[in-house]
Every structure is written in C-alpha cells, then in structure tokens.
Amino acid sequence: MSRSQFAIDVPDSLVARARSGCRESFEQIYRRFERPVFTLALRICGDREEAGDVLQDTMLKLFHHLPDYRGDCPFWGWLRQIAVNEALLRLRRQKRLVAEISVEEDDLPQDQGLPPAAAADAALLQRALEALPAATRSVLWLYHAEGYTHEEIAGLMQRTPSFSKSQVSRGTRRLRALLNIEDTVHA
C-alpha cells in the first residue's frame, strides 16, 4: 500500500499559531497541502475546475474548523478527511456516485493486484481514470493511493465493504484494459 501524499509532518507550533488566528501560519499550511488536496479532488471528481472548487471548499472548512482540531490524530489525516468528504459531497450533489462498474460491464479476468506499474505516466493515468464512473474512480483512488480500508470507504460512500471490494476489483481490471496492460498470472 502506498503512503498518502497528505502524509506531511506539520509542527504542532504551526497548527497552534494557525488556530490562534495567525494568517501567515494558515497560509503556510495552505501551501503545504494545496497540491495534495487538489490532486485528491482531481482524482475523485475527474475535473480540474471541480478540483479547484473542492480545494477552496476544503481550505475554507479547515479555516473555520481549525479550532475543532483536537490533535488526537495526525493533522494531515484530519485535513485529508475534510478533503475526501468535500470531494464526495460534490459528487453526491451532482448525483455522480450513482454510476459504478456493474457485473454486466465487467467481463475481464479476475485480478486483485495493485494498479499497473505503467500507470506512473500521470497524464495517461488521468485520462484512464476520467473514463471510469465517478464512484469507481473514487473507490480506486481512496483504496490504492490514500490507503483507506474497504470498511472506511464503505462508510464514506454510505455503501457496504463488499461494494468497495467489487469496485476495486472491477475498476482495477477496467483501468488495466484502458491502459492496454496485459494481466500477468502470478504463480
């Protein structure tokens, strides 16, 4: 499993200064997390403009709720949760979480592996991800890139863990097909 791009250490003193209203400290936090929030939103929403909106909504929510941060989890994990919630909320409002890869669409062989190594080409990966239904794309990104468990994804998406598992399986196979990558059988 990969380490989240959000896993950025933030000094407690910086968070404390931002919580007390220090604009410069908040700007430092914004700059540290601008790219991870935007990237996560882009992968979930599939659109640069929507990702920009999610970034702004996330940072506004962070600004307003920073006094609520208790410090009982890593700051980056707390902020990541806000960003995920904002991206999924945007998809829910647009009723884009309804579509998913169904069994009928899924006629490729079974594979439970991680996304293919060739997916390192970010532009190619982005185009392939955009071709997936929003629900499938979101589950894949949360599971493979952000390290969420099936149970956590189920809670976020108001579904069951088996929904998450099936979307990871089907989405990974579809992604491999879109990227024209041959599945290899592991002995």
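The closest donor-acceptor contact from the side chain of Thr39 to the backbone of Arg35 lies under 3.5 Å. A donor-acceptor pair under 3.5 Å is formed between the side chain of Arg137 and the backbone N or O of Ile44. Panel note: side chain Arg80, backbone Phe6; no donor-acceptor pair is recorded below 3.5 Å. Remark: the backbone N or O of Ser164 is not paired with any side-chain donor or acceptor of Gln167 at under 3.5 angstrom.
In terms of heavy-atom proximity, Leu66 sits nearest to Ala18 at CD2-CB, 3.4 Å. Scanning both residues, Pro11 and Arg32, for their nearest heavy atoms gives CD-NH1, 3.5 Å. Taking both residues in full, the closest heavy atoms of Glu34 and Met59 are given as N-CE, 4.2 Å, listed atom of the first, atom of the second, then distance. When all heavy atoms of Arg19 and Pro67 are compared, the closest pair comes out as NH2-O, 2.9 Å. Among all heavy-atom pairs drawn from Ile29 and Val15, the shortest one is CD1-CA, 4.3 Å. The two atoms that bring Cys45 and Leu91 nearest to each other are CA-CD2, 4.1 Å, heavy atoms only.
Rounding to the nearest 0.5 angstrom, the gap separating the CG atom in Asp47 from the CD atom in Glu130 is 8.0 Å. Rounded to the nearest 0.5 Å, atoms CZ (Arg170) and OG1 (Thr136) are 9.0 Å apart. Note that CG of Asp9 and CZ of Phe75 are 12.0 Å apart. Values are rounded to the nearest 0.5 Å. Atoms CG and CD, from Leu88 and Gln158 in turn, are 9.0 Å apart once rounded to the nearest 0.5 Å. Here the CZ atom belonging to Arg93 is positioned 6.5 Å from the CZ atom belonging to Arg90, to the nearest 0.5 angstrom. Note: Phe38 CZ to Thr58 OG1 = 12.0 Å, rounded to the nearest 0.5 Å.
Both Leu62 and Leu14 belong to a common hydrophobic cluster when Ile, Leu, Val, Met, Phe, Trp and Tyr are linked at side-chain heavy-atom distances under 4.5 angstrom. Hydrophobic cluster membership is shared by Leu142 and Leu79, with clusters built from Ile, Leu, Val, Met, Phe, Trp and Tyr side chains linked at under 4.5 angstrom. Under the 4.5 Å side-chain contact rule for hydrophobic residues, Val37 and Leu60 do not share a cluster.
Of the charged side-chain nitrogens involved, at least one lies within less than 4.0 Å of a carboxylate oxygen, so that Glu86 and Lys61 count as a salt-bridged pair.
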With side-chain contact (heavy atoms from CB on, under 4.5 Å) as the test, would you mind laying out the steps for His150 and Val168 before giving the verdict?
CA-CA 9 Å; His150 292 297; Val168 166; 3.7 Å; yes
Before you tell me yes or no, could you show the steps for Leu132 and Leu178 under side-chain contact (heavy atoms from CB on, under 4.5 Å), namely the whole-Å CA-CA distance, both residues' side-chain angles and the distance that decides it to 0.1 Å?
CA-CA 9 Å; Leu132 297 174; Leu178 289 168; 4.0 Å; yes
For Trp141 and Ile153, what are the C-alpha separation, side-chain angles and deciding distance, and is it a side-chain contact (heavy atoms from CB on, under 4.5 Å)?
CA-CA 10 Å; Trp141 189 259; Ile153 293 168; over 6 Å; no
side-chain contact (heavy atoms from CB on, under 4.5 Å) for Glu24 and Arg17? Distances and angles first, verdict last.
CA-CA 9 Å; Glu24 293 80 19; Arg17 287 193 312 273; over 6 Å; no
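For the residue pair Ser169 and Arg173, a side-chain donor N or O sits within less than 3.5 Å of a side-chain acceptor on the partner. Judged by distance alone, the side chains of Glu152 and Tyr143 never bring a donor and an acceptor atom under 3.5 Å apart.
Heavy atoms from other residues, nucleotides or ligands lying under 6.0 Å from CG of Asp68 number more than 12.
Looking at heavy atoms from C-beta onward, Ile8 lies in side-chain contact with Phe33 at the 4.5 angstrom threshold.
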